[in-house]
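The block underneath contains the structure these notes are about, expressed in structure tokens.
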Protein chains: 2
Amino acid sequence: MSPKHNPNQCPMESILGQIMGPWTPYILWLLSNENSLRFGELAARIPDISAKVLTDRLRKLEASGLVHRDYQPTVPPTVYYSLTTRGSELHGVLQGLNEVALRWDEEDRLTADDRKIAAE
Amino acid sequence: MSPKHNPNQCPMESILGQIMGPWTPYILWLLSNENSLRFGELAARIPDISAKVLTDRLRKLEASGLVHRDYQPTVPPTVYYSLTTRGSELHGVLQGLNEVALRWDEEDRLTADDRKIAAE
DNA sequence: GCAAGTAGTTACCTAATGGTAAGTATTGAG
DNA sequence: CTCAATACTTACCATTAGGTAACTACTTGC
């Protein structure tokens, strides 16, 4: 994160340090709904994310013990990602977040429509 | 955020762009529990945050319509921050997040204790 | 005339982040 | 002999974010 931003004794900041960052909560949300996704499937569901960043996120989540990586040495290789037990404890939070996100999105689109109508 | 990371049609990413970043969810959590805090009170409750970053976060939250800023031109000035209606809709999510954070923190401290005992 | 107290702002610097593009490994298919 | 497919890795670059520290404004009180 930042050079000096340490998750100093504050549990909230500690968890945020693990979850936060562009795409990360979204990755968790996808995994929490599908229970297992391959690298390419994740990439396809997350528009515009680069392989580099996706790998980075998954590695960090794995290091925090939130995501499990299952590498099958087939040819070509197959890698399944899924939530660990701890990772799946975030489901409720992510669901709540998603509900709010959808609600606000709808509200914002409605008021945007109002503006368009008013401008006519 | 990043030069190209646009909240591209994805409601989840859009809300994350507003909430995310070091300290931000914690600020919202504090405001959601105290319903009104002054700048200095916030700073006191958030160890190690700098005035610059705190100001920045509050300005951004204000711009997103999540936080209300009430400036009283007294001498010295007094500024109260509180959640807007929309901001307070995050209470449930933040509470869930905090519960998980406290639980994990406790679990981690327990296993840390185990390691200490085992090392004796 | 100077310090105190609140809520910032400003300047400057460094480290980390993310993007792009190209490369890697492996093996079966054509 | 080369391509295709998957899951990355690496190198390089530009931008950004955050940290520190000093400075501002305004009035009261000593």
Side-chain angles (χ1 to χ4, degrees), chain A residues 1-8 10 13 16-27 30-31 34 36-64 67-82, chain B residues 1-8 10 13 16-27 30-31 34 36-64 67-82:
Chain A
M1 192 156 310
S2 71
K4 288 230 186 153
H5 177 244
N6 59 333
N8 49 6
C10 173
E13 276 303 307
L16 291 173
Q18 304 182 357
I19 295 186
M20 225 170 38
W23 313 119
T24 308
Y26 192 50
I27 292 169
L30 290 173
L31 290 176
E34 309 244 12
S36 172
L37 285 172
R38 297 176 51 186
F39 184 88
E41 292 173 330
L42 276 170
R45 279 166 177 71
I46 308 176
D48 299 340
I49 199 173
S50 66
K52 177 191 168 189
V53 172
L54 181 52
T55 308
D56 179 75
R57 294 297 181 277
L58 290 169
R59 290 289 180 284
K60 281 178 181 159
L61 290 172
E62 201 190 347
S64 321
V67 158
H68 174 73
R69 180 170 187 268
D70 179 19
Y71 178 87
Q72 304 285 7
T74 55
V75 171
T78 317
V79 183
Y80 294 100
Y81 290 97
S82 56
Chain B
M1 197 159 309
S2 70
K4 287 232 186 149
H5 177 243
N6 59 332
N8 48 5
C10 172
E13 276 303 307
L16 289 173
Q18 305 182 354
I19 298 184
M20 224 171 39
W23 314 119
T24 308
Y26 192 50
I27 291 169
L30 290 173
L31 290 176
E34 310 243 12
S36 172
L37 284 171
R38 297 176 52 187
F39 183 88
E41 293 172 330
L42 277 170
R45 279 167 178 71
I46 307 175
D48 299 340
I49 200 174
S50 67
K52 177 191 168 190
V53 173
L54 181 52
T55 307
D56 178 76
R57 295 296 180 276
L58 290 169
R59 290 289 181 285
K60 281 179 181 159
L61 289 172
E62 201 191 344
S64 323
V67 159
H68 173 72
R69 181 169 185 268
D70 178 19
Y71 178 87
Q72 304 285 7
T74 55
V75 172
T78 316
V79 184
Y80 293 99
Y81 291 97
S82 56

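Order of the sequence lines sets the chain letters (A, B, ...), proteins ahead of strands, with each chain counted from 1. Note that this is a predicted model, so its numbers are computed, not measured.
Mapping B/S50 and A/L58 onto DNA chain D by nearest heavy atom places A/L58 at the nucleotide closer to the 5' end. Comparing A/P77 and A/G21, the nucleotide of DNA chain C nearest to each residue sits closer to the 5' end for A/G21.
Look at A/D56 and A/K52 and you find no salt bridge, because none of the NZ, NE, NH1 or NH2 atoms lies under 4.0 Å from a carboxylate O.
Look at CE on A/M20: it is 11 Å from P on C/dT17, rounded to the nearest Å. Computed from coordinates, the B/W23 CH2 to D/dG18 C1' distance equals 11 Å when rounded to whole Å. A straight line from CD of A/E41 to C1' of D/dA5 spans 14 Å, rounded to a whole angstrom. Atom pair A/L54:CG and C/dT17:C1' shows a separation of 16 Å (rounding to whole Å applied). Taking atom CG on B/L42 and atom P on C/dG8, their separation rounds to 10 Å, with Å as the unit. Spacing between atom CD1 of A/I49 and atom P of C/dT17 amounts to 15 Å, rounded to whole angstrom units. We find that CD of B/Q72 is positioned 13 Å from C1' of C/dT6, with the value rounded to whole Å. For A/D56 and D/dC8, the CG to P distance is 12 Å, given to the nearest whole Å.
If you check every strand for non-hydrogen atoms under 4.0 Å, B/T74 touches nothing.
Remark: A/L54 CG to A/R59 CZ distance equals 9.5 Å, nearest 0.5 Å. Atoms OG1 and CD1, from B/T55 and B/I49 in turn, are 8.5 Å apart once rounded to the nearest 0.5 Å.
Proximity of B/R59 to the phosphate of C/dT9: a side-chain N or O atom is located under 4.0 Å from OP1 or OP2. Put simply, B/R38 has a side-chain N or O that comes within less than 4.0 Å of OP1 or OP2 on C/dA7. Here B/Y71 does not reach the OP1 or OP2 of D/dA25: none of its side-chain N or O atoms lies under 4.0 Å away. In this model, the phosphate group of C/dG8 is not approached by any side-chain N or O of B/R57 to a distance below 4.0 Å at OP1 or OP2. Checking the phosphate oxygens (OP1, OP2) of C/dA7, no side-chain nitrogen or oxygen of B/Y80 falls inside 4.0 Å.
For B/K52, the listed nucleotide lying nearest its side chain is C/dC12; candidates were D/dT10, C/dT27, C/dC12. Distance from the side chain of B/F39 is smallest for C/dG8 among the nucleotides D/dA5, C/dG8, D/dA7. Nearest nucleotide to the B/V79 side chain, out of C/dA7, C/dA11, C/dT20: C/dA7.
Counting only N and O atoms by type, the side chains of B/R38 and B/Y81 include no donor and acceptor under 3.5 Å apart.
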Worked verdict on B/F39 versus B/L58 for side-chain contact (heavy atoms from CB on, under 4.5 Å): CA-CA 9 Å; B/F39 183 88; B/L58 290 169; 4.0 Å; yes
